Amino acid sequence: MLWLIVAAVCAYFVKGLCGFANTLVFTTILGFTMNNINISPLEVLLGYPTNVILAWKERKNLDRKIWLPLTALVIAGSLPGIFLLKNADAGIIKLIFGFVVVFIGLEMLIREFIGKESKGSKPVLIAIGVLSGVLCGLYGVGALLAAYVNRVTKDNGSFKANMCAVFIIENMMRICIYAATGIITPEILKNAAILMPFMLAGLFLGIKSSAVLNEKTAKKAVTAALIVSGAALIIENIPW
């Protein structure tokens, strides 16, 4: 339970601070001791209320031209991802997840240092949307989507609002499917209830800290830590 508490506080502090990467932090910390079939449903139960809170807080920055098409694409990709989560080998999923974390982390870190802005294109939108959906169904990971939304929004408020709007709907769908397929168990519901206060504490601490800490520096530090953690997860799960 200690690791669950540590993961919840750290993950949702990052969520409040940056608006993303909570799932990467949560899954990476717990990936050394738990399988994704138990991590993903727990994280989505904790993550759903955080998306509602942040979307409401930044509601004036919502842009349906951004979040609506992305939502449709993410949902379409989530279905095969959920199927793989229930049926694929846990070790292989962890190994792939490690590579996903490193790749996404490097992309975000390079973009932070370069500071380059780019406009979204339809082919990129479709590819990222569907692939993000698969990653969401498998791991609950939205960092690939974050990398795209970061390019098409003007500021952090707009980024948080539109990211969270996508995930409010995606989370609802995933919770329903997880429940219907038996992925959400009584034990997971119990753990979610226990961790809820720690999640809220981390979230509001992150929100308060975002007004004080340098946002770009915080993002770079979080991303670098994720890359190291992803690499460690790869090494641990390679079938030597």
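Remember, predicted model here, so these are calculated numbers, not experimental data.
Sorted by first and then second residue, the side-chain hydrogen bond (donor to acceptor under 3.5 Å, both in side chains) pairs involving residues 44-54 (not counting sequence neighbours) are Lys15-Asn51, Asn51-Asn171.
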Report task. Kindly determine whether Met163 and Leu70 satisfy side-chain contact (heavy atoms from CB on, under 4.5 Å), including the steps that lead there. Result -> CA-CA 9 Å; Met163 276 289 295; Leu70 282 173; over 6 Å; no
Requested in this report: Assess whether side-chain contact (heavy atoms from CB on, under 4.5 Å) is satisfied between Leu200 and Ile53, documenting all intermediate values.
Outcome: CA-CA 10 Å; Leu200 290 172; Ile53 291 168; 4.1 Å; yes
Report task. Applying side-chain contact (heavy atoms from CB on, under 4.5 Å), run through Ile168 and Met172 and close with a yes or a no. Result -> CA-CA 6 Å; Ile168 285 172; Met172 290 173 63; 4.2 Å; yes
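Applying the side-chain hydrogen bond (donor to acceptor under 3.5 Å, both in side chains) test to Asn38 and every residue at least two apart in sequence or in another chain returns nothing. Applying the side chain to side chain contact (heavy atoms under 4.5 Å, CB included) test to Trp56 and every residue at least two apart in sequence or in another chain returns Arg59. For Thr181, the side chain to side chain contact (heavy atoms under 4.5 Å, CB included) criterion is met by Lys86, Ile177, Ile183, not counting sequence neighbours. Pro49 is linked by a side chain to side chain contact (heavy atoms under 4.5 Å, CB included) to Met196, Met199, counting only residues two or more places apart in sequence or in another chain.
Linking Ile, Leu, Val, Met, Phe, Trp and Tyr whenever their side-chain heavy atoms come within less than 4.5 Å puts Phe198 and Leu2 in one cluster.
Panel note: side chain Asn35, backbone Ile37; no donor-acceptor pair is recorded below 3.5 Å. Counting only distance, with no hydrogens or angles, the side chain of Asn61 and the backbone of Lys160 share no donor-acceptor pair below 3.5 Å.
When each of Ile194, Leu42, Leu46 is paired with Leu4, the side chain to side chain contact (heavy atoms under 4.5 Å, CB included) condition holds for Leu42 and for no other.
Across all non-hydrogen atoms, the minimal contact from Ser40 to Tyr178 is CB-OH, 3.8 Å. When all heavy atoms of Tyr12 and Gly47 are compared, the pair lying nearest together is OH-N, 3.3 Å.
Put simply, the side chain of Asn22 does not reach to within 4.5 Å of the side chain of Val14, judged on heavy atoms. Put simply, the side chain of Glu58 does not reach to within 4.5 Å of the side chain of Leu54, judged on heavy atoms. Counting only heavy atoms from C-beta outward, the side chains of Ile29 and Cys10 approach each other to under 4.5 Å. Considering only heavy atoms from C-beta on, Leu68 stays 4.5 Å or farther from Asp63 through its side chain. Using a 4.5 Å heavy-atom cutoff, the side chains of Ile207 and Lys57 are in contact. Taking the side chain as every heavy atom from C-beta outward, Trp67 and Cys164 never approach each other to under 4.5 Å.
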Side-chain donor-acceptor contacts of residues 184-191 below 3.5 Å, not counting sequence neighbours, with atom names and distances?
residue	atom	partner	partner atom	Å
Thr185	OG1	Ile188	N	3.3
Asn191	ND2	Glu187	O	3.4

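One finds the CD1 atom of Ile66 at 5.0 Å from the OG atom of Ser158 (value rounded to the nearest 0.5 Å). Taking CG of Leu45 as the start and CZ of Arg174 as the end, the distance is 9.5 Å to the nearest 0.5 Å.
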